[in-house]
Amino acid sequence: MSRLSNKVAVVTGGNSGIGFATAKEFIAQGAKVVITGRQQAAVDEAVRELGGNAVGVLADTADLQHTDALVAKVKDLYGKVDVLFINAGVGHFFSVETATEQQFDHIMNINYKGAYFTLSKFIPLLTEGASVILLSSINATTGMANSSVYGGSKAALNSLAKVASTELAPRKIRVNSVSPGPIETPILGKLGLDKATLERFTGAMRAKVPLRRIGTSGEVAKLVAFLASDEATFITGTNYVVDGGIGVNTVMA
């Protein structure tokens, strides 16, 4: 399938997890892809795996000077962007009572401020009819304990997608968000849990999902690729949930 032929895609945080899987899917569908990451070795390894249609750029989403440099690099390479997948983000979890200003700022600077200005600064490069996809989370609309700042940052992205979809509609630029539920990504390994606790945690998640499993990055990537394609030209301002049904909240099974 080559529904993204001749398209240029940018994937922030594209060296691992959902970002990497999406970059791989974009390339499989014919796109040229620029990925970013905060560690040069990880970016280089991802580019090696992705092959000749991938370019890697070292960039920290929280640093707006890095974003300026990224935009300039993409402009020099391709002069346009057809697909912008704003995926880079972090997940840290703590209670409202124990949250610190440093923790709050760290998450918001990456997940919302960084995403906001990535979109803002790329707008001049977006072609007419381009597609922008923001990676949100089901935590934007659920009340999971210890997720107040993380969930708040993702709720802000959902709002941004709606507002930007209105502002960019005159150029036929579509803006949507995707909210994964339990997905097997490297973020699970960064929760600070030992192996046994992590296994109990993932087991508890599986039990809550009607499909009784955790999703894969590749499944999210296929949805993002659809939204990036010309098959989704009448879809904008919408949030897509990929959660295996966990949000159904059945009263009785």
Going from OG on Ser217 to CD1 on Ile183, what distance comes out if it is rounded to the nearest 0.5 angstrom? 7.0 Å
More than 12 heavy atoms from other groups under 6.0 Å of CD on Gln40: yes
Measuring only between side-chain heavy atoms, which start at C-beta, is Val8 closer than 4.5 Å to Lys80? yes
Can you tell whether the side chains of Lys113 and Asp63 come within less than 4.0 Å, N to carboxylate O? no
Take Ser137 and Thr142 through the side chain to side chain contact (heavy atoms under 4.5 Å, CB included) test and state the conclusion after the steps. CA-CA 9 Å; Ser137 167; Thr142 61; over 6 Å; no
Please name the pair of heavy atoms, one in Arg206 and one in Ile214, separated by the smallest distance, quoted to 0.1 Å. CG-CG1, 3.7 Å
Assess, by modelled atom type and distance only, whether the side chains of Ser136 and Asn158 contain a donor and an acceptor separated by less than 3.5 Å. yes
Using the six-membered ring wherever Trp is involved, compare the ring planes of Phe85 and Phe26 and label them parallel, tilted or perpendicular (cut-offs 30° and 60°). perpendicular
Within 6.0 angstrom of Phe94 CZ, more than 12 heavy atoms from elsewhere: yes
Among Leu64, Thr61, Thr67, exactly one meets side-chain contact (heavy atoms from CB on, under 4.5 Å) together with Phe117. Which residue is that? Leu64
Test Ser179 against every option in Thr141, Asn239, Asn139 by the side chain to side chain donor-acceptor pair (under 3.5 Å) rule and name the one that passes. Asn239
Between the side chains of Arg3 and Asp230, is the shortest nitrogen-to-carboxylate-oxygen separation below 4.0 Å, so that they form an ion pair? no
How close do Leu227 and Ile235 get, counting heavy atoms only, and between which atoms? CD2-CG2, 4.1 Å
Go through Met144 and Tyr150 one step at a time and tell me if the side chain to side chain contact (heavy atoms under 4.5 Å, CB included) criterion holds. CA-CA 10 Å; Met144 189 181 83; Tyr150 176 74; over 6 Å; no
Has Asn6 got more than 12 heavy atoms of other residues, nucleotides or ligands less than 6.0 Å from its CG? no
Side chains of Asn87 and Thr12: any donor to acceptor distance under 3.5 Å? no
Please determine whether a side-chain nitrogen of the Lys or Arg among Glu167 and Lys162 lies less than 4.0 Å from a carboxylate oxygen of the Asp or Glu. no
Lys24, NZ atom: more than 12 neighbouring heavy atoms under 6.0 Å: no
